[in-house]
Amino acid sequence: MTQPFPVQNPMGLLIGGEWVPAQSGQTLASHNPATGEHLVDFARGEAEDVDRAVAAARAAFESGPWPHFSPTERQALLLRLADLVEANAEQLAMLDTLDMGSPIRHTRGSVAMLTDLLRYYAGMARGIEGITATPSNPALFACTVREPVGVCAAIIPWNGPLWASILKLGPVLATGCTLVLKPAEDASLSPLMLGKLALEAGVPPGVFNIVTGLGTEAGAALAAHPGIDKIAFTGSDTTGRAIMAAAAGTLKRISLELGGKSPNIIFADADLDKAARMAVVAAFANSGQVCSAGTRLFVERPIADDFAAAVARHAGALRIGNGLEPATDLGPLVSARQLARVSGYMEEALREGAGAVCGGARLEDGAFGQGFFFPPTVLSGAADAMRAVREEIFGPILAVLPFDSEEEVVARANATPFGLGAGIWTGNVGRAHRLGRALRAGSVWVNCYNAIDPAMPSGGVKASGMGREYGKAHLDEHLETKSIWIATD
Ligand code: NAI
Ligand code: MG
């Protein structure tokens, strides 16, 4: 262990305000992907643990102090939690860096944004409102009230564990729902620490429960559980389909954020230097393990080769290493499994005739050999039909795809099952507006990429998912609308 670890070993499940072992007594191990070092063990929750957690969440939703919390009290609770996250920012950032490899500069920045996100939800707790209608029948008064959906489940991935946990918990606390969270088996530590901070903030027992474990065990049990009113999932489209099928049996409300294969489109009239620097961030931040990564880099043909070279030059300047080093820009991939997956896509692309302008194979020299490091990779000569250009890789690989006309690039950018994000780089404001409308994606960024704000909804179209997170739309996902009619005669 290179750093002090603010947790007990093994870490328990959080059920009904208590830390408990899995009923089976089994645990899973957490590893540092930069070194292979074993960090800590945590409970391997299964179906019977999910049953207990759902029962606790149901009890907390229906009785006890939580249903009587006023909007003011829910706001105060969220503000206390934000303060605690801020006060423990360094430990939280460190946990994510140790557990899933993301550079400490990146995880510190995330905690700062997440504190702000919690404060946004704190404000939203005061902004829940219905309508007063004007029925044509004068003997009737009619209004709507918004009520919490109930017991929520959230299943989250490993690429931003604290981020995903706070994004799921914030609207639950703002609206008066309760939550059972299933972190990813590759990155459960910061979600568990969030549980500890939530108890400290005064979140009543059972309002926030955490069942760590495997997707096929704890995750599948949650998705099928009849005691859950709503499930939110972030992860792969394959697992999203399985969760939707499981949720159908009990008619749960469902929201899915399933990643993508986002186009980032460069026109010759753009600020090309900025576009090249940002194309690197868009594709390689978090070692490419970002749902909206701009991995299909469409570039106008006359500038394509020069632009690819500029991207490779900026990528080459990124410092790859252990995320604990303050100067590190890119850490390792999360796991041996992810490294094998990324390497597999790469090898197939090379076999099919693509070339690597930079990168192309795992780093193995010296200390790199102990971890799961893959360098930023720019593919040239790739075709739209290749699997590496069609499927989400979730690693630092982008393909440069030359195009000849605006019409063509819109058609090719949209020729994907996904639709999460899209980038446009141009100096032509008319084109920015035209493409902003024509691209089928949940978010379009013009002369920027991955811009984010608590007040702006984010989510996918097509196979990238359904529902929106952030903003008022996110609160709506957690609220039912009840119509109340009163006869006045
Ligand atoms: P995954 O989608 O299988 O895992 C995400 C979460 O779902 C984890 O908590 C996992 O335990 C859970 N899970 C897995 N199977 C489940 C099931 N049958 N029922 C309920 N929950 C289940 O992703 P995985 O296997 O870790 O990564 C594989 C690929 O998925 C990546 O290479 C990437 O392409 C994609 N992915 C996309 C993410 C995104 O944000 N778009 C995040 C993570 C992975
Ligand atoms: Mg780990």
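Please read these numbers as outputs of a predicted model, since none were measured by experiment. FYI, side chains are in, hydrogens and waters are out, and symmetry mates aren't considered; it's all heavy atoms of this structure. The first residue in the sequence is number 1, and the count goes up from there. Atoms within each ligand, like the ligands themselves, are counted from 1 in listed order.
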Quiz item: Closest heavy-atom contact between Ile231 and Ile243?
Solution: CD1-CG2, 4.1 Å
Practice problem: Check ligand 1 against Ile156 and write out every atom of the ligand that is under 4.0 Å from a heavy-atom position of the residue. | Solution: 6 (C), 8 (C), 9 (O)
Quiz prompt | Glu18, CD: over 12 other non-hydrogen atoms inside 6.0 angstrom | solution = no
Quiz item: Closest non-hydrogen protein atom to atom 26 (O) of ligand 1, residue and atom name please, with distance?
Solution: Trp158 NE1, 2.6 Å
Practice problem: Quick one: look at Ile393 and ligand 1, take heavy-atom pairs under 4.0 Å, and tell me if it's side chain, backbone, both or neither. | Solution: backbone
Quiz prompt | Thr97 side chain to Thr107 side chain, donor-acceptor N/O pair below 3.5 angstrom | solution = yes
Self-check item: Arg337 contact mode with ligand 1 (heavy-atom cut-off under 4.0 Å)
Solution: side chain
Self-check item: Those atoms of ligand 1 less than 4.0 Å from some heavy atom in Ile155
Solution: 6 (C), 7 (O), 9 (O), 12 (C), 20 (C), 21 (N)
Quiz item: Just heavy atoms, cut-off under 4.0 Å: does Ser236 contact ligand 1 by side chain, backbone, both, or neither?
Solution: both
Practice problem: May I ask whether Pro183 places a heavy atom under 4.0 Å from ligand 1? | Solution: yes
Quiz item: Counting only non-hydrogen atoms of the protein, does one fall under 4.0 Å from atom 40 (O) of ligand 1?
Solution: yes
Quiz item: Quick one: does Ala223 get a heavy atom under 4.0 Å from ligand 1?
Solution: no
Quiz item: Which of the atoms of ligand 1 are close to Gln338, meaning less than 4.0 Å from one of its heavy atoms?
Solution: 31 (C), 32 (O)
Quiz item: Would you say the side chains of Thr239 and Ser236 form a donor-acceptor pair under 3.5 Å?
Solution: yes
Quiz item: Heavy atom under 4.0 Å from ligand 1: found in Ile243's side chain, backbone, both, or neither?
Solution: side chain
Quiz prompt | Phe233 neighbourhood, listing ligand 1 atoms whose heavy-atom distance to it stays under 4.0 Å | solution = 2 (O), 5 (C), 6 (C), 7 (O)
Quiz item: Evaluating non-hydrogen atoms only, which member of Glu185, Gln289, Lys261 is closest to atom 11 (O) of ligand 1?
Solution: Glu185
Self-check item: Taking atom 38 (C) of ligand 1 as the reference point, the nearest protein heavy atom with its distance
Solution: Phe394 CZ, 3.3 Å
Exercise. Give the minimum heavy-atom separation between Asp49 and Arg44, together with the two atoms involved.
Key: OD2-O, 4.3 Å
Quiz item: If we ignore angles and hydrogens, is there a donor and acceptor under 3.5 Å between the side chains of His106 and Asp329?
Solution: no
Practice problem: Identify, by atom number and element, the atoms of ligand 1 in contact range of Gly259, meaning under 4.0 Å from any of its heavy atoms. | Solution: 41 (N)
Quiz prompt | For atom 20 (C) of ligand 1, closest protein heavy-atom neighbour | solution = Gly219 C, 3.2 Å
Quiz item: Judged by modelled atom types alone, do Ser464 and Lys462 share a side-chain donor-acceptor pair under 3.5 Å?
Solution: no
Self-check item: Atoms of ligand 1, numbered as shown, that sit under 4.0 Å from any heavy atom of Pro157
Solution: 42 (C), 43 (C)
Quiz item: Are side-chain N/O atoms of Ser102 and Asp96 paired as donor and acceptor at under 3.5 Å?
Solution: no
Exercise. Calculate, to the nearest 0.5 Å, the distance between atoms CG and CG belonging to Leu189 and Leu92 respectively.
Key: 11.0 Å
Self-check item: Note: Lys168-Glu469 ion pair, threshold 4.0 Å (strictly below)
Solution: yes
Practice problem: Going by heavy-atom distance to atom 18 (N) of ligand 1, choose the closest among Gly460, Gly215, Gly235. | Solution: Gly215
Practice problem: Scan Glu348, Glu392, Glu352 and name whichever one has a salt bridge (charged side-chain N to carboxylate O under 4.0 Å, His left out) with Arg387. | Solution: Glu348
Quiz item: Is it true that Trp425 and Phe307 have ring centroids separated by less than 6.0 Å?
Solution: no
Quiz item: At what distance is the nearest protein heavy atom to atom 15 (N) of ligand 1, and which residue and atom is it?
Solution: Thr239 CG2, 3.5 Å
Quiz item: Of all the atoms in ligand 1, which lie at a distance below 4.0 Å from a heavy atom belonging to Cys291?
Solution: 39 (C), 40 (O), 41 (N)
Quiz item: To the nearest 0.5 Å, how far apart are NZ in Lys472 and OH in Tyr120?
Solution: 8.5 Å
Exercise. Identify, by atom number and element, the atoms of ligand 1 in contact range of Leu258, meaning under 4.0 Å from any of its heavy atoms.
Key: 41 (N)
Self-check item: Region of Arg341 engaging ligand 1 - heavy atom pairs below 4.0 Å
Solution: side chain
Quiz item: Is Glu391 near ligand 1, meaning one of its heavy atoms is under 4.0 Å from it?
Solution: no
Practice problem: Using a strict 4.0 Å threshold on nitrogen-to-oxygen distance, state whether Asp229 and Arg58 make a salt bridge. | Solution: yes
Exercise. Distance to 0.1 Å, residue and atom name: give those for the protein heavy atom nearest to atom 37 (C) of ligand 1.
Key: Glu392 OE1, 3.3 Å
